[in-house]
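Notes to accompany the following structure.
If you're wondering where the values come from, they're calculated on a predicted model, not measured in any experiment. Throughout, protein chains are lettered first and strands after them, A, B, ... in sequence-line order, and every chain is numbered starting at 1.
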Protein chains: 2
Amino acid sequence: MDEAAIKAMIHRLPSEQVLNRICQTFGALQCTTRLQILLLLQLGPLCVTDIENILGQSQSAISHSLRTLRQLDLVRTKREGRFTVYHLADEHVSVLVEMCQKHAKEMES
Amino acid sequence: MDEAAIKAMIHRLPSEQVLNRICQTFGALQCTTRLQILLLLQLGPLCVTDIENILGQSQSAISHSLRTLRQLDLVRTKREGRFTVYHLADEHVSVLVEMCQKHAKEMES
DNA sequence: TGAACATATGAACAATAGTTCATATAAGTA
DNA sequence: TACTTATATGAACTATTGTTCATATGTTCA
């Protein structure tokens, strides 16, 4: 492969910015807790305490996980009285999570 | 949400085994080098030296990245003379990478 | 066989990410 | 207003991951 071909390949790759953003998103899904949270939220919105109870993890651990997801705009919140209800951020996220869901189901058998 | 509802939710989640496998895969994509490698290989098979040149990274770094991808069976190899040619492992991987590609393109604008 | 090229690997170190503990904030309720 | 419940956050610690350096392995070619 000559130098011209190499340069051509470089230009076919996404910009650093876009690359980082995508990798950060994957990074968030690399942790089972966070992936589970997204899978749960795909079934419907949940408040923090529910997530804690379902996943059997400490308040702090869940809250930190949620923060990570929030900061990446994978989930969003809505105050409802004294509860903070979490939901998936948008269709893009929903599609991604659904893909995981399907893949998981396939692997399960 | 009562205890029964919580138990019901737990059962809708994938098994730990499947969960781990999926998260490991995402973990591999969390690193820009490895994501770039997959994006490159989606365009066609490449030998290690080409990947090094395109990404401008050290032999060792690329080789370690490739090992990670290989161990997760995201890429496979084929010896061709003194070169080791890498390619995406299967259709599943290809679909996933293509999704990234499309998403990247969308974000680029 | 020896030299050059292509690739892999282990170990050490550096950087990142996850977890826990203590504490803070905020809303509802008595 | 004080108390309880719900959630968030910072700091310290631990674990995981990535990178580099040195070296090993395997292939071709003279």
Side-chain angles (χ1 to χ4, degrees), chain A residues 1-2 6 16 19-38 40-41 45-87, chain B residues 1-3 5-6 16 19-38 40-41 45-87:
Chain A
M1 186 172 264
D2 63 15
I6 288 171
E16 200 184 315
L19 225 41
N20 282 336
R21 165 73 191 161
I22 295 177
C23 287
Q24 278 175 354
T25 301
F26 284 133
L29 303 186
Q30 169 218 26
C31 161
T32 53
T33 300
R34 287 188 303 251
L35 180 60
Q36 284 178 310
I37 291 175
L38 293 180
L40 287 176
L41 294 182
L46 288 172
C47 73
V48 181
T49 306
D50 285 342
I51 298 174
E52 285 167 40
N53 289 327
I54 296 168
L55 299 185
Q57 293 196 40
S58 74
Q59 190 273 314
S60 184
I62 295 296
S63 189
H64 279 296
S65 287
L66 287 169
R67 174 157 70 157
T68 302
L69 294 172
R70 235 168 41 225
Q71 285 172 337
L72 289 167
D73 196 33
L74 297 175
V75 302
R76 293 185 189 151
T77 63
K78 192 181 151 198
R79 258 277 169 189
E80 284 189 10
R82 49 185 168 159
F83 299 97
T84 303
V85 178
Y86 278 78
H87 57 90
Chain B
M1 186 172 262
D2 63 16
E3 226 175 290
I6 288 171
E16 200 184 314
L19 225 42
N20 282 335
R21 165 73 191 160
I22 294 178
C23 287
Q24 279 175 352
T25 301
F26 284 132
L29 304 184
Q30 168 217 27
C31 163
T32 54
T33 300
R34 286 189 302 253
L35 180 59
Q36 283 177 311
I37 290 175
L38 292 180
L40 287 175
L41 294 183
L46 287 172
C47 73
V48 181
T49 308
D50 285 342
I51 298 174
E52 284 168 39
N53 289 328
I54 295 168
L55 299 185
Q57 294 196 39
S58 75
Q59 190 273 315
S60 184
I62 294 296
S63 189
H64 279 298
S65 287
L66 287 169
R67 173 156 71 156
T68 302
L69 294 172
R70 233 168 41 223
Q71 286 174 337
L72 290 168
D73 196 33
L74 297 175
V75 302
R76 294 185 189 149
T77 63
K78 191 180 151 197
R79 259 277 170 188
E80 283 190 11
R82 48 185 170 159
F83 298 97
T84 302
V85 179
Y86 278 79
H87 57 91

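Between atom CG of residue B:N20 and atom CG of residue A:L35 there is a gap of 10.0 Å, rounded to the nearest 0.5 Å. Taken to the nearest 0.5 Å, the OG1 atom of A:T77 stands 6.5 Å off from the CZ atom of A:R70.
The shortest distance between side-chain heavy atoms of B:M1 and A:I54 falls below 4.5 Å. Considering only heavy atoms from C-beta on, A:S63 stays 4.5 Å or farther from A:R67 through its side chain. Counting only heavy atoms from C-beta outward, the side chains of B:L66 and B:T84 never approach each other to under 4.5 Å.
Rounding to whole angstrom units, CZ of residue B:F83 and P of C:dA4 are separated by 17 Å. Whole-Å rounding puts the A:D50 CG to D:dA6 C1' distance at 11 Å. A:R79 has its CZ atom 10 Å from the C1' atom of C:dG28, to the nearest Å. Rounding to whole angstrom units, CZ of residue B:R34 and C1' of D:dT19 are separated by 12 Å. A:E80 has its CD atom 15 Å from the C1' atom of C:dG28, to the nearest Å. Between the CD atom of A:E52 and the P atom of D:dA6 there is a distance of 9 Å, given to the nearest Å. The CD1 atom of A:I37 sits 11 Å away from the P atom of D:dA8 (whole-angstrom rounding). Rounded to whole Å, atom P of C:dG18 lies 13 Å from atom CD1 of A:I62.
The base of C:dA17 does not come close enough to the side chain of A:Q30 for any donor and acceptor atom to sit less than 3.5 Å apart. Evaluation of atom-type donor-acceptor distances gives no pair under 3.5 Å for the side chain of B:Q59 against the base of C:dA6.
Counting all heavy atoms, side chain and backbone alike, A:G81 lies closest to A:R79 at O-NH1, 3.2 Å. Closest approach of A:E52 and A:S58 over heavy atoms only: CG-O, 4.3 Å. The two residues B:V75 and B:Y86 have their closest heavy-atom pair at CG2-CD2, 3.7 Å. Contact record, A:T33 with A:L55: O-CD1, 4.0 Å, taken as the closest heavy-atom pair.
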Just the atom pairs and distances: protein N or O near nucleotides 13-15 of chain C's N or O, under 3.5 Å.
none

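Listed nucleotides C:dT20, C:dT7, D:dA6 differ in distance to A:R82; the shortest reach to its side chain belongs to D:dA6. Relative to the side chain of B:A61, the nucleotides D:dG18, D:dA8, D:dT20 differ in distance, and D:dT20 lies closest.
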Table please: side-chain donor-acceptor pairs of residues 22-31 of chain B below 3.5 Å, with sequence neighbours left out.
unit_1, atom_1, unit_2, atom_2, d
B:T25, OG1, B:R21, O, 3.1

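Residue B:S60 is classed as a base contact, given a heavy-atom separation below 4.0 Å to a base. Note on A:G27: nothing from the nucleic acid sits closer than 4.0 angstrom, heavy atoms only.
Within residues 63-75 of chain B, the residues approached by DNA chain C to less than 4.0 Å at the level of any non-hydrogen atom are B:S63, B:H64, B:R67, B:R70, in residue-number order.
For A:Y86, a side-chain nitrogen or oxygen approaches OP1 or OP2 of D:dA8 to under 4.0 Å.
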